[in-house]
There are 2 protein chains.
Amino acid sequence: MKEIKHRSGCPVSYTLDFFGDKWSLLILRDMMLFGKTTYGEFQSSAEKIATNILADRLSMLEHYGFVNKQVGTDKKSKFSYTLTEKGISLVPVILEIGLWGAQFHPPGLNPELKAALQNDRQDTIQAIQEKLRSKLQPG
Amino acid sequence: MKEIKHRSGCPVSYTLDFFGDKWSLLILRDMMLFGKTTYGEFQSSAEKIATNILADRLSMLEHYGFVNKQVGTDKKSKFSYTLTEKGISLVPVILEIGLWGAQFHPPGLNPELKAALQNDRQDTIQAIQEKLRSKLQPG
DNA sequence: ATAATTTACTTTTAAAATGCAAGTGAATTT
DNA sequence: AAATTCACTTGCATTTTAAAAGTAAATTAT
């Protein structure tokens with residue numbers, strides 16, 4: 001892996017040094033919101049990520065501790081990618097990005113999720129995070 | 001301007017179609033958090049954006065209605081860039097990104113802002129947005 | 001058992017984006 | 001009048017991304 005260099009002390013630019021591209025947050029979205037765990041599932045998303053970009057981003061996410069790569073329990077030779085605690089800590093970021101987009105992009109967010117977030121944001125976020133934690137991943 | 005094409009109906013990907021790069025959100029950060037308004041001020045940020053990239057991103061932000069470009073009132077031939085209401089609507093996104101980065105990047109966020117956000121997020125966001133609105137920009 | 005398919009990639013090549021340096025022209029300052 | 005500042009634009013090298021094809025191991029189908 002090529003190391004990321006951080007451009008400044010600013011926390012906004014720090015985050016963008018990791019996620020300032022068109023794909024890495026979509027992989028995390030698929031894990032957080034749709035429970036995806038395998039290479040093939042990530043590849044099948046509507047945005048049609050190129051396979052080399054997917055491989056590159058997964059290795060970045062693993063290298064920096066956002067996800068964990070394990071041999072799948074079903075013994076079908078698939079690897080299983082799961083979020084680490086550090087990955088789970090990005091839930092509020094992804095949701096905020098989704099809420100913003102939903103204001104302008106017709107299909108919007110799942111209405112129940114949207115309502116829940118607007119009614120009690122903190123609880124809704126924590127519930128999602130708890131559910132992800134229950135899939136038990138070290139890291 | 002080259003038109004942005006949206007990769008899917010997902011609101012997360014929609015947002016990333018605009019802001020999935022390393023620079024555009026930093027320009028908005030400079031306007032939101034540091035009150036910057038001119039080309040020269042954006043160029044002087046710690047991250048050292050290249051001048052052609054800055055010009056390109058400013059025209060994108062203007063084209064899609066996130067910022068407004070006006071001839072500066074001080075008649076120094078400077079243009080003044082201000083946020084539109086649509087640009088102001090990104091305040092929560094930028095702050096969330098900053099809060100996340102602050103957890104891992106030593107210099108962190110301005111401690112007062114961080115505390116305010118954690119104590120009463122909604123009010124803090126609205127206060128920042130109100131202040132930006134008071135600089136009156138159509139759009 | 002053999003062949004075809006699936007999975008998770010890697011490699012190659014082409015296209016696009018980015019970074020760096022230099023240049024431009026209008027306005028401002030000296 | 002000359003030098004400087006401001007807000008860019010242009011040209012070119014480097015890097016990143018995209019698209020397509022290839023690969024090797026494992027799985028499923030025949």
Side-chain angles (χ1 to χ4, degrees), chain A residues 1-8 13 16-28 30-31 34-64 67-82, chain B residues 1-8 13 16-27 30-31 35-64 67-82:
Chain A
M1 262 296 304
K2 234 194 105 202
E3 289 296 318
I4 288 168
K5 62 178 162 201
H6 295 290
R7 292 168 289 173
S8 78
S13 84
L16 294 173
D17 291 334
F18 290 112
F19 298 111
D21 78 297
K22 302 226 182 294
W23 297 108
S24 42
L25 287 179
L26 292 186
I27 297 171
L28 296 182
D30 284 348
M31 301 178 77
F34 307 121
K36 296 190 179 181
T37 58
T38 67
Y39 196 92
E41 287 174 322
F42 300 132
Q43 236 187 130
S44 72
S45 294
E47 295 85 7
K48 297 281 163 244
I49 187 169
T51 178
N52 56 340
I53 304 290
L54 175 57
D56 178 81
R57 292 310 186 277
L58 282 172
S59 82
M60 182 287 272
L61 292 171
E62 192 194 4
H63 180 83
Y64 287 103
V67 307
N68 228 300
K69 182 182 188 175
Q70 297 147 262
V71 177
T73 44
D74 53 359
K75 194 90 169 6
K76 283 176 98 175
S77 126
K78 273 184 205 172
F79 296 104
S80 176
Y81 296 89
T82 51
Chain B
M1 260 298 303
K2 232 192 105 204
E3 289 296 318
I4 287 169
K5 62 177 164 202
H6 296 290
R7 292 167 290 173
S8 79
S13 83
L16 294 173
D17 291 332
F18 291 113
F19 299 111
D21 78 297
K22 301 226 182 294
W23 296 107
S24 42
L25 288 179
L26 293 187
I27 297 171
D30 284 348
M31 300 178 78
K36 296 190 181 181
T37 58
T38 67
Y39 196 93
E41 287 174 323
F42 300 133
Q43 238 189 128
S44 72
S45 293
E47 295 85 8
K48 297 282 160 242
I49 187 170
T51 177
N52 55 339
I53 305 290
L54 176 56
D56 178 80
R57 293 309 186 279
L58 283 172
S59 80
M60 182 286 272
L61 292 171
E62 192 193 4
H63 180 81
Y64 286 103
V67 308
N68 228 298
K69 182 182 186 174
Q70 298 148 263
V71 177
T73 45
D74 53 0
K75 195 84 169 8
K76 280 176 100 174
S77 124
K78 272 184 204 169
F79 296 106
S80 177
Y81 295 88
T82 51

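Here the structure is a predicted model, which is why all the values come from computation and not from measurement. Each chain gets a letter, A, B and so on, in the order its sequence line appears, and its residues count up from 1. Both backbone and side-chain heavy atoms feed into the values below; hydrogens, waters and symmetry mates do not.
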Could you check whether A:Y81 gets within reach of a base, just the sugar-phosphate, or nothing at all, counting any heavy atom under 4.0 Å? sugar-phosphate
Classify B:K48 by what it touches in the nucleic acid, base, sugar-phosphate, or nothing, heavy-atom distance under 4.0 Å. nothing
At their closest point, which heavy atom of [X] faces which heavy atom of [Y], and how far apart are they?
X     : Y     : answer
A:S24 : A:F18 : OG-O, 3.9 Å
B:R57 : B:W23 : CG-CB, 4.3 Å
B:Y64 : B:I4  : OH-N, 2.8 Å

Closest to the [X] side chain: [options]?
X     : options                : value
B:I53 : D:dA7, C:dA8, C:dG19   : C:dG19
A:N52 : D:dC6, D:dT9, C:dT10   : C:dT10
B:A50 : D:dT17, C:dT11, C:dG19 : C:dG19
A:T51 : D:dC8, D:dA7, D:dA20   : D:dA20

Quick check: does any side chain N or O of A:K22 sit under 3.5 Å from a backbone N or O of B:G20, one acting as donor and the other as acceptor? yes
Without decimals, in angstroms, what is the distance between [X] [atom1] and [N] [atom2]?
X     : N      : atom1 : atom2 : value
B:D21 : D:dT16 : CG    : P     : 15 Å
A:Y39 : D:dA25 : OH    : C1'   : 15 Å
B:R57 : D:dT9  : CZ    : P     : 14 Å
A:L61 : C:dC9  : CG    : P     : 13 Å
A:I27 : C:dC9  : CD1   : C1'   : 14 Å
A:R7  : C:dT18 : CZ    : P     : 11 Å
B:L58 : D:dC8  : CG    : C1'   : 10 Å
A:I49 : C:dA8  : CD1   : P     : 14 Å

Output yes when at least one side-chain N/O atom of B:W23 is less than 4.0 Å from OP1 or OP2 of C:dA17, else no. no
For C:dA16, does either OP1 or OP2 sit under 4.0 Å from a side-chain N or O belonging to A:K22? no
Rounded to the nearest 0.5 Å, what separates atom CZ in B:R7 from atom CG in B:D17? 4.5 Å
